[in-house]
Amino acid sequence: MIRITVWNENKHEQELDVVKKIYPEGIHGCIKDFLIREEDFEVHTATFYDEDHGLTEEVLSNTDVLIYWSHALQDQFSDEVAERIKRHVLSGMGLIALHSAHYSKMLRLLMGSTMTLKWKHDEEEKLWCLAPLHPIAKGIPECISIPEEEMYGEPFDIPKPDDVVFAGWFSNGYVFRSGCTFTRGKGKIFYFQPGHETNPTYHIPEIQRIIVNAVRFCNPEGIKRIMPQNKEVKG
Ligand code: ZN
């Protein structure tokens, strides 16, 4: 089994009717619903408001892949928990950072860059697959049309990705590296741009398939989850 924790801030869903309507069970509930259709996925959820944000040492030790959506409460997120996530990624936990999680404390720690970008609401997006042979692109068409999505535009201040699997083109002319993979320590990371809270993006079957594929790609199968250490070599 692949043990997945879907973490969501869960603030907008409680405060904005438009978001509540799209995601009555929260973004985390929607993501859990399509993940549990996979027979080998075991899915738990946690939110900002849980004790320790629901991401205790025990929870992360029992998580193969963490899926993470955040936006409005990034600054209020615990420094200690952000460090804890980083440590678990370095020791092999997979990480899928969604949409505005680009600016989360934990991802900025892992990437080491400002993670800044340009943005604008309510543009049409065409999500182009640039790497059709990549495992995250398995079964995904060349182009996915998203009728309305928040535009994220370049320059996106990220370190050089391992692979750019998807690029977004937006109707206002901007382009973006929308699906990028990174490796940090033993951990595989996928950043994926679509998923603004007022657009029903996580209901689109192809977007769901990309997230399922990304779980399989980031899963640290066969990797011993021990924190990498400095070791003296004798002889
Ligand atoms: Zn957004």
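Start at 1 with the first residue, then count along the sequence. First listed ligand is number 1; within each ligand, the first listed atom is number 1.
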To the nearest 10 degrees, how large is the angle at the Zn ion (ligand 1) between His99 NE2 and Glu150 OE1? 90°

Glu125, His99, His102, Glu150 screened by side-chain hydrogen bond (donor to acceptor under 3.5 Å, both in side chains) with Gln193, the one that passes: Glu125

N, O or S from His71 under 2.8 Å to the Zn ion (ligand 1): no

Short N-O contact, Arg87 and Glu57, less than 4.0 angstrom: yes

min-distance N/O/S atom, His196 vs the Zn ion (ligand 1), resolves to ND1

Taking the six-membered ring of Tyr152 (Phe, Tyr or Trp), confirm whether the NZ or CZ of Lys118 is under 6.0 Å from its centre and within 45° of its axis. no

Distance under 6.0 Å and angle within 45° of the ring axis: does Arg177 meet both against Phe166? no

